[in-house]
2 protein chains.
Amino acid sequence: MPAKTSRSDAPSRRRLTAEEARARILEAAERRLAEVGPEGLRLTELAAELGVSHPAILHHFGSREGLVVAVVARAVGKLGEQLQEEIARRPQRLEILDMIAEFFGERGNARLIAWLVLSGRLGKLPEEPTGEPFLLKLIEQSHERRKAAQADREPDFEDTRFRSQLTALALMGESIFGDLIRFASGDRTGAAKSKDFRRRLAKLLNDTM
Amino acid sequence: MPAKTSRSDAPSRRRLTAEEARARILEAAERRLAEVGPEGLRLTELAAELGVSHPAILHHFGSREGLVVAVVARAVGKLGEQLQEEIARRPQRLEILDMIAEFFGERGNARLIAWLVLSGRLGKLPEEPTGEPFLLKLIEQSHERRKAAQADREPDFEDTRFRSQLTALALMGESIFGDLIRFASGDRTGAAKSKDFRRRLAKLLNDTM
DNA sequence: AATTGTACTTACAATCGAGTAAGTAACAAG
DNA sequence: CTTGTTACTTACTCGATTGTAAGTACAATT
């Protein structure tokens with residue numbers, strides 16, 4: 001007899017709308033994914049954390065992989081939005097770096113992206129999940145600023161793009177490998193050193209602007 | 001009845017020394033690890049690739065995790081050695097970058113390191129697997145060169161260290177996220193662009209030396 | 001109030017992968 | 001040749017994990 005007719009201690013079960021349930025699951029899954037990666041995600045574990053049974057998750061996402069895909073789609077969307085939004089404020093260089101670093105580091109986004117790239121879920125052609133080149137606007141804005149700063153010799157756009165790519169790669173790298181590289185360099189580790197790295201990077205970029 | 005008494009078609013089985021066998025397994029495991037990561041490594045799969053049964057691997061390494069640890073230990077050792085060795089040649093800046101990039105990229109070492117960091121097998125205190133700060137010598141050498149290049153104003157060692165860290169982080173980041181970032185920047189992808197990135201990075205570092 | 005849709009449950013099947021038990025044969029040493 | 005060691009095999013156990021089947025209860029609609 002599968003599923004008892006009635007549970008004696010049932011305190012009138014709560015029932016979420018599909019949207020609410022999906023959102024709750026996505027959020028928890030995203031957190032977990034940044035920690036353990038797409039291979040490490042366990043449905044039973046996630047379900048326990050949410051206080052539901054694991055088939056509930058399967059009910060909403062069809063399969064484990066379906067859940068992962070959904071998380072990625074949402075994360076990529078959020079990344080674009082947040083970046084746009086914050087950049088609209090046109091902050092100073094170091095401020096931008098701190099912002100991006102915060103986005104990458106503290107919220108575990110660099111880890112998530114790294115997991116996805118390594119597991120082949122992101123960055124492979126046909127590039128579907130990545131969507132549009134959402135960094136391009138940021139680079140264009142940066143280029144405008146450079147042009148304004150030095151009216152005499154026109155800066156090369158390709159150079160601006162390179163500098164933006166360098167920034168992105170350095171910050172992503174820093175948020176993942178930062179302490180490892182510092183240790184290997186006989187340096188001290190930790191958040192203060194991370195901040196120091198950003199300050200020096202901002203200075204280097206400003207000096208050669 | 002476990003294990004038949006004799007195989008009719010047995011063509012006099014080859015038998016490797018423990019050392020040979022371990023080396024063979026380590027090499028294959030390292031390659032696989034860079035591809036699928038420590039969670040993705042399957043003993044049966046690896047064994048099939050090597051043409052042995054999977055308990056043979058367990059015989060030499062005790063457990064799956066034991067194999068992973070052995071691979072990491074060997075990889076870290078090799079990294080230090082190779083780096084030392086190549087640096088002893090005192091090549092030019094771009095040459096160094098290409099060399100490191102080749103080490104990171106083509107041989108999948110950045111991927112391997114990334115997997116290990118993400119899965120918490122590398123970079124955690126107490127830093128045992130990392131050993132000594134093997135980048136320090138490289139940085140010191142770089143600093144000597146800077147001092148020689150400009151006898152007038154003495155360069156700051158911390159600045160040299162920063163520049164080395166930036167280089168390492170940028171190159172590791174590039175070898176993993178390079179194409180993703182380029183795509184997001186509306187740039188073209190591929191090895192040529194990767195090379196171009198290195199050229200620009202070398203130029204930036206030389207110009208601000 | 002009856003009906004219908006669906007969010008969610010328990011129980012189960014099926015698979016897959018690490019690790020074990022026991023035996024076999026290759027090689028070295030006496 | 002005999003004997004001991006050990007590299008390696010086959011056959012298996014056990015646990016973990018994804019997915020399914022079937023049923024239950026909550027909530028909206030009529």
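Every chain is numbered from 1 and lettered A, B, ... according to where its sequence line falls, protein lines coming before strand lines. Side-chain atoms are counted along with the backbone in the values below, which use heavy atoms only and exclude waters and symmetry mates. Computed from a predicted model, the values in this text were never measured in an experiment.
- Looking at heavy-atom distances under 4.0 Å, A:Leu41 makes contact with sugar-phosphate atoms alone, never a base.
- Here the closest non-hydrogen pair linking B:Leu204 and A:Thr208 is CD1-OG1, 3.8 Å.
- Donor-acceptor pairing under 3.5 Å, judged by distance alone, is absent between the side chain of A:Arg42 and the base of D:dT18.
- Counting non-hydrogen atoms under 4.0 angstrom, B:Leu43 reaches the backbone sugars and phosphates but no base.
- If you check every strand for non-hydrogen atoms under 4.0 Å, B:Leu67 touches nothing.
- Taking atom CD of A:Glu39 as the reference point, atom P of D:dT17 lies 14 Å away to the nearest angstrom.
- Residue A:Ser53 places at least one side-chain N or O under 4.0 Å from the OP1 or OP2 atom of C:dT9.
- Side chain of A:Arg15, nearest nucleotide from D:dG19, D:dA7, D:dA25: D:dA25.
- The side-chain heavy atoms of A:Lys193 and A:Asp196, taken from C-beta on, include a pair separated by under 4.5 Å.
- Contact check, A:His60 against C:dT6: no side-chain N or O comes under 4.0 Å of OP1 or OP2.
- As rounded to whole Å, 15 Å separates atom C1' of D:dT9 from atom CG of B:Leu50.
- B:His54 contributes no side-chain N or O that forms a donor-acceptor pair with the base of C:dG17 under 3.5 Å.
- Residues A:Phe104 and A:Ile113 come closest through the heavy atom pair CE2-CD1, 4.3 Å.
- Within the 4.0 angstrom heavy-atom criterion, base atoms lie near A:Ala56.
- Distance from the side chain of A:Pro55 is smallest to D:dT20 among C:dG5, D:dT18, D:dT20.
- No donor-acceptor pair under 3.5 Å is formed between the side chain of B:Arg182 and the backbone N or O of B:Asp187.
- Closest approach to the B:His59 side chain among C:dA7, D:dC8, C:dA11 is made by D:dC8 (side chain taken as heavy atoms from C-beta onward).
- Closest heavy-atom contact between B:Pro38 and B:Val68: CB-CG1, 4.5 Å.
- With hydrogens and angles left out, the side chain of A:Arg64 and the base of D:dT17 share no donor-acceptor pair within 3.5 Å.
- The CG-P distance, from B:Leu16 to D:dT5, rounds to 22 Å in whole Å.
- Atom C1' of nucleotide D:dA7 and atom CG of B:Leu58 are separated by 14 Å, given to the nearest angstrom.
- In this structure, A:Phe61 places its CZ atom 16 Å from C1' of D:dT18, rounding to the nearest Å.
- Distances from the side chain of B:Thr44 to the nucleotides D:dT18, D:dT5, C:dG17 place C:dG17 closest.
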